[in-house]
There are 2 protein chains.
Amino acid sequence: MNKDSLVQFVQRVMPISQLKAEQLAAKFMPMKIERNSYLLKEGKVCHESHFIEKGIVRSYIYDIEGNEVTTAFYTKNTFAADLLSFFKRAPAREYIQAITDCETWFITYEDMQTSFHTIPEFREFGRLNIVNQYGILKERMLSMLQETAEQRYSHLISSSAEIFQDVPLKYIATYLGITDTSLSRIRKEFAKKNTGS
Amino acid sequence: MNKDSLVQFVQRVMPISQLKAEQLAAKFMPMKIERNSYLLKEGKVCHESHFIEKGIVRSYIYDIEGNEVTTAFYTKNTFAADLLSFFKRAPAREYIQAITDCETWFITYEDMQTSFHTIPEFREFGRLNIVNQYGILKERMLSMLQETAEQRYSHLISSSAEIFQDVPLKYIATYLGITDTSLSRIRKEFAKKNTGS
DNA sequence: TTGATTTCTTGCCATTTGCTAAGTGCGAAC
DNA sequence: GTTCGCACTTAGCAAATGGCAAGAAATCAA
């Protein structure tokens with residue numbers, strides 16, 4: 001397992017030399033995570049941010065009635081962490097769980113703080129990463145505001161088809177803000193519409 | 001107009017001495033904004049971040065069908081800006097408009113970058129601010145995933161009653177992800193339920 | 001393999017929300 | 001004061017989604 005994809009990720013986030021990008025990437029350590037194991041549990045402080053090299057991860061919380069609600073999926077070339085807990089050093093409300101076996105590059109909060117102080121580019125990288133997460137969330141917020149469940153499903157399947165290979169549909173349903181029953185119906189309709197084409 | 005509320009805001013975001021907080025606040029300049037005027041228009045890069053001293057601001061975009069969708073309300077003691085445009089120096093998709101006459105303390109991107117380089121506490125303040133915005137958005141995302149429109153309305157009215165004094169209901173409706181028709185019905189039901197108590 | 005468990009689908013009906021259109025009320029402009 | 005425009009409400013019907021329960025399919029463990 002080499003760091004190419006992480007280095008390339010850094011370079012996509014901001015303009016930076018290969019050398020500098022490799023310097024940033026050097027601060028990350030490899031980890032293998034078993035299917036179903038947890039990167040984070042509710043009540044704990046999130047100490048690590050994981051760049052996913054391979055595998056699928058999801059985060060979820062329990063709502064007031066005790067139902068699981070999937071808050072995010074993390075796949076290849078994304079960072080999995082509870083940003084709020086990680087940066088505010090506060091207990092997490094979420095669980096973060098590996099859905100498949102995963103390989104990640106991770107950094108601890110302490111190492112990141114050290115790098116923030118010593119490497120200006122790291123600060124910029126960190127800030128842009130948070131901003132990008134914010135952007136993703138905002139995009140999703142908009143889709144909740146204006147789109148139907150079927151449209152959200154359609155977008156998800158075209159942007160993240162790989163999720164459907166490994167993630168149980170009931171998790172995808174709560175991510176889309178609907179019940180597994182509704183998702184099942186939507187899939188049926190969707191398949192009908194997209195068969196002929 | 002003095003900077004007390006801004007100084008106090010800084011101190012709520014992070015533990016910091018009065019003196020340091022005042023140093024940070026010193027970087028902000030006052031501005032008066034007229035009702036209905038724009039802090040930002042779609043296509044422009046967001047150059048300023050405004051701490052709202054007084055007044056109400058909303059941000060909105062046009063969806064694919066050309067309908068306005070309210071993306072956020074900003075009231076006293078919050079920062080109004082298009083984070084994505086501001087930090088990525090990219091054209092904004094949103095409009096940000098004053099709903100009432102406003103008074104703000106603002107900082108430009110350039111001044112902020114300078115302060116980031118020279119004042120470590122400013123970096124921390126900036127980062128925590130973004131993280132907090134992320135947290136607010138995440139909270140709202142969760143409410144979209146799990147709550148009914150009436151529950152979202154109920155929460156908004158208890159957390160931000162001041163919005164209802166000045167903001168047309170049709171803007172609040174799109175913020176809640178419903179039509180003004182539905183909001184009207186919900187308000188009727190809500191009033192009925194909460195009359196006796 | 002077999003049985004048990006979980007996931008997914010389906011049907012029925014209730015509820016929520018949207019769409020369209022009409023009507024009401026209020027304030028601004030003349 | 002009258003008229004116009006805008007915001008808001010209301011009504012009737014259609015579409016989307018949820019709740020519940022039963023059954024089918026897939027998965028897991030022994």
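Below, each value reflects all heavy atoms present in this structure, side chains not excepted, and no hydrogens, waters or symmetry copies. A, B, ... follow the sequence lines: proteins, then strands. Residue 1 opens every chain.
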*Just one of A:K192, A:K193, A:K188, A:R185 clears the salt bridge (Lys or Arg N to Asp or Glu O under 4.0 Å) bar with A:E150, so which one?*
A:K193
*Using whole Å, report how far CD of A:Q165 lies from C1' of D:dT27.*
18 Å
*Compute the bend angle of the helix from C:dT1-D:dA30 to C:dC30-D:dG1 from the end axes (five pairs per end), rounded to 10°.*
50°
*State, without any angle test, whether B:E68 and B:T174 hold a side-chain donor-acceptor pair at a distance under 3.5 Å.*
no
*Give a yes or no on whether the ring-centroid distance for A:Y171 and A:F73 is below 6.0 angstrom.*
no
_Length of the line joining A:I99:CD1 and C:dT7:C1', which is rounded to integer Å_ = 14 Å
*Please state how far atom CZ in A:F190 lies from atom C1' in C:dT9, giving the value in whole angstrom units.*
18 Å
_Nearest-Å distance for atom pair OH/C1', residues B:Y153 and C:dT16_ = 17 Å
*List the protein contact pattern of nucleotides 9-22 of chain D with one symbol per nucleotide (5' to 3'): B for base contact, S for sugar-phosphate-only contact, - for none; contact means a heavy-atom distance under 4.0 Å.*
BBBB----SBBB--
_Please evaluate residues B:T100 and B:K54 with respect to the criterion side chain to side chain contact (heavy atoms under 4.5 Å, CB included), reporting the C-alpha separation (whole Å), side-chain torsions for both, the decisive distance (0.1 Å), and the verdict._
CA-CA 9 Å; B:T100 65; B:K54 204 162 126 185; over 6 Å; no
*Could you walk me through whether B:R127 and A:F116 pass the side chain to side chain contact (heavy atoms under 4.5 Å, CB included) check?*
CA-CA 11 Å; B:R127 182 159 57 241; A:F116 274 0; 3.2 Å; yes
*List the steps, then state whether side chain to side chain contact (heavy atoms under 4.5 Å, CB included) holds for A:L39 with A:Y95.*
CA-CA 8 Å; A:L39 277 72; A:Y95 294 83; over 6 Å; no
*Which residues share a side-chain contact (heavy atoms from CB on, under 4.5 Å) with B:K20, sequence neighbours left out*: B:I16, B:S17, B:Q23, B:E121
_Can you measure B:F164 atom CZ to D:dA7 atom C1' for me and round it to whole angstrom units?_
15 Å
*Let me know the distance between CG of B:N36 and C1' of C:dA28, rounded to the nearest Å.*
14 Å
*asked:* Any salt bridge linking B:K32 with B:E103? Criterion: basic side-chain nitrogen under 4.0 Å from a carboxylate oxygen.
replied: yes
_Whole-Å distance separating the CD atom of B:E65 from the P atom of C:dG18_ = 13 Å
